[in-house]
Amino acid sequence: MEPLEFAGNRMEEVENWETLMFLYDAALRQVSTKIDILNEEFAHVHNYNPIEHVKSRIKEPRSIVKKLKRHGREVTLENMLKYINDIAGVRIICSFTSDIYRIADMLARQKDLTVLELTDYLAKPKASGYRSYHMLVTVPVYLSDGVVDTKVEIQIRTIAQDFWASLEHKIYYKFEGNAPDFISKELQSCAHIVAELDDKMLSLNEAIKQCPNEKG
């Protein structure tokens, strides 16, 4: 991963950039491990896995630069730390909407995670139709000479919501945020279909759980 092109590109800036990326990567690994343990524990206790799969990533340098410039910020390490909250990101994919809040609660109760911000796009979807649950947390990264609290963004959504968000992401970058009206409207329509599907799948799952097991 290449460092950002800071003013003068001094060696000190390059070293600071590499140190920051090390911290974000370490924080990401800690959160991912924590999620895996919680999922395994839940399966052991309740005989059910609320998590389908987990994706994690470190934001690419060019994406960090574009985001800073889009918000009118100078490309500096200080601004990167202050204004870019999703450099380290984890996406948790669930089967049902009820799992989203269950997992969010499990994470919020972890004593070594500090919740900075919660954004519920399930209760209040974006104008585009985007639905997801976002948590901005810090996790302590223990180094040889101290502890650094490092930010990680956690997104929790259903399989259907993730499918929709993936398409929205492709459309956004293809049209640089200015998609034709008919595409935006179709995307909004799909968002409503996804919400209805999630509701029906949840209702069906609850009905299945109420049915007695019939063997033989």
Side-chain angles (χ1 to χ4, degrees), residues 20-43 45-46 48-60 63-64 67-68 70-71 79-142 147-169 172 191 194-195 198-199 201-202:
L20 282 175
M21 290 301 100
F22 164 77
L23 289 171
Y24 281 118
D25 182 66
L28 197 59
R29 280 182 281 151
Q30 284 188 221
V31 172
S32 296
T33 299
K34 189 177 292 294
I35 292 167
D36 288 341
I37 292 171
L38 286 171
N39 192 38
E40 289 174 11
E41 183 216 5
F42 199 90
V45 174
H46 301 284
Y48 168 66
N49 290 67
I51 298 173
E52 289 289 334
H53 58 273
V54 178
K55 303 175 185 177
S56 61
R57 63 101 183 96
I58 299 290
K59 204 173 190 68
E60 292 290 333
S63 297
I64 296 172
K67 194 164 188 176
L68 284 171
R70 190 164 66 245
H71 292 285
N79 283 344
M80 186 180 85
L81 284 167
K82 186 175 182 180
Y83 298 110
I84 309 297
N85 292 327
D86 62 344
I87 293 174
V90 178
R91 187 178 305 152
I92 303 172
I93 313 302
C94 311
S95 295
F96 307 104
T97 51
S98 58
D99 293 329
I100 293 175
Y101 294 108
R102 182 179 293 117
I103 292 165
D105 182 62
M106 288 163 60
L107 289 169
R109 285 189 276 110
Q110 296 291 300
K111 291 184 178 180
D112 57 346
L113 284 185
T114 300
V115 179
L116 301 179
E117 186 178 306
L118 299 174
T119 309
D120 190 348
Y121 291 118
L122 302 177
K124 293 184 178 180
K126 290 185 179 181
S128 64
Y130 175 85
R131 286 174 168 83
S132 186
Y133 191 91
H134 291 197
M135 303 178 71
L136 179 61
V137 304
T138 60
V139 59
V141 177
Y142 292 88
V147 181
V148 182
D149 290 326
T150 307
K151 289 188 290 187
V152 177
E153 184 191 60
I154 303 171
Q155 299 177 354
I156 315 172
R157 60 180 66 145
T158 64
I159 298 170
Q161 289 165 357
D162 190 56
F163 181 33
W164 184 94
S166 177
L167 179 59
E168 185 205 31
H169 183 77
Y172 180 87
V194 164
D198 275 334
D199 288 343
M201 294 293 281
L202 178 60

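As the structure is a computational prediction, the values presented were derived from the model and not from experiment.
- Between Asp105 and Arg102, no side-chain nitrogen of the basic residue sits less than 4.0 Å from a carboxylate oxygen of the acidic one, so the salt-bridge criterion is not met.
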Would you check, one step at a time, whether the test side-chain hydrogen bond (donor to acceptor under 3.5 Å, both in side chains) holds for Gln155 with Ser132?
CA-CA 7 Å; Gln155 299 177 354; Ser132 186; 5.0 Å; no
Apply ring-ring contact (aromatic ring centres under 6.0 Å, His included) to the pair His134 and Tyr121, showing each step before the final yes or no.
CA-CA 8 Å; His134 291 197; Tyr121 291 118; 5.1 Å; yes
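- The backbone N or O of Ile87 sits less than 3.5 Å from a side-chain atom of Arg57, completing a donor-acceptor pair.
- With hydrogens and angles disregarded, no donor-acceptor distance shorter than 3.5 Å links the side chain of Ser63 to the backbone of Lys59.
- Residues Lys34 and Asp112 are in side-chain contact: their nearest non-hydrogen atoms beyond the backbone lie under 4.5 Å apart.
- The distance from atom CE of Met135 to atom CD1 of Ile92, rounded to the nearest 0.5 Å, is 8.0 Å.
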Going through the checks in order, is the side chain to side chain contact (heavy atoms under 4.5 Å, CB included) test met by Lys67 and Ile84?
CA-CA 8 Å; Lys67 194 164 188 176; Ile84 309 297; 3.7 Å; yes
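- Rounded to the nearest 0.5 Å, atoms CZ (Phe42) and CG (Asn49) are 9.0 Å apart.
- Checking each of Asp198, Ile100, Asp162 against Cys94 for a side-chain contact (heavy atoms from CB on, under 4.5 Å) leaves exactly one that passes, namely Ile100.
- The shortest side-chain heavy-atom distance between Leu116 and Thr138 falls under the 4.5 Å cut-off.
- Using a 4.5 Å cut-off on side-chain heavy atoms (C-beta onward), Asp120 and Tyr101 make contact.
- For the atom pair CG of Leu20 and CG of Leu81, the computed distance is 5.0 Å after rounding to the nearest 0.5 Å.
- Using modelled atom types, no side-chain atom of Gln30 and backbone atom of Ala27 make a donor-acceptor pair closer than 3.5 Å.
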Kindly indicate, with the supporting measurements, whether the criterion side chain to side chain contact (heavy atoms under 4.5 Å, CB included) is fulfilled by Val31 and Ile154.
CA-CA 9 Å; Val31 172; Ile154 303 171; 4.0 Å; yes
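- Between Gln161 and Val194 there is a side-chain heavy-atom pair separated by less than 4.5 Å.
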CA sep, side-chain torsions, deciding dist, call: Lys55, Val90, side chain to side chain contact (heavy atoms under 4.5 Å, CB included)
CA-CA 6 Å; Lys55 303 175 185 177; Val90 178; over 6 Å; no
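- Counting heavy atoms of neighbouring residues, nucleotides and ligands inside a 6.0 Å radius, atom CE of Met201 does not exceed 12 of them.
- Thr97 OG1 to Leu202 CG: the interatomic distance, rounded to the nearest 0.5 Å, is 4.5 Å.
- Rounded to the nearest 0.5 Å, atoms CG (Asp36) and CD (Glu41) are 13.0 Å apart.
- Taken to the nearest 0.5 Å, the CE atom of Met106 stands 11.0 Å off from the CD1 atom of Ile37.
- Considering every non-hydrogen atom in both Ala191 and Ser128, the closest pair reads CB-O, 4.5 Å.
- When the options Leu38, Asn39, Ile156 are evaluated for a side-chain contact (heavy atoms from CB on, under 4.5 Å) with Ile103, the one that passes is Ile156.
- Side-chain contact between Val115 and Leu136: absent, with no pair of heavy atoms (C-beta onward) separated by less than 4.5 Å.
- For the pair Thr158/Ile93, no side-chain contact is recorded, criterion being any heavy-atom separation below 4.5 Å from C-beta on.
- Contact annotation: the side chain of Leu107 never approaches that of Val137 to less than 4.5 Å [non-hydrogen atoms, C-beta and beyond].
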Take Tyr130 and Arg157 through the side-chain hydrogen bond (donor to acceptor under 3.5 Å, both in side chains) test and state the conclusion after the steps.
CA-CA 10 Å; Tyr130 175 85; Arg157 60 180 66 145; 2.6 Å; yes
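- By the 4.5 Å heavy-atom criterion applied to side chains, Leu118 and Tyr133 are counted as neighbours.
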Side chain to side chain contact (heavy atoms under 4.5 Å, CB included) between Ile51 and Ile35, worked out
CA-CA 9 Å; Ile51 298 173; Ile35 292 167; 3.5 Å; yes
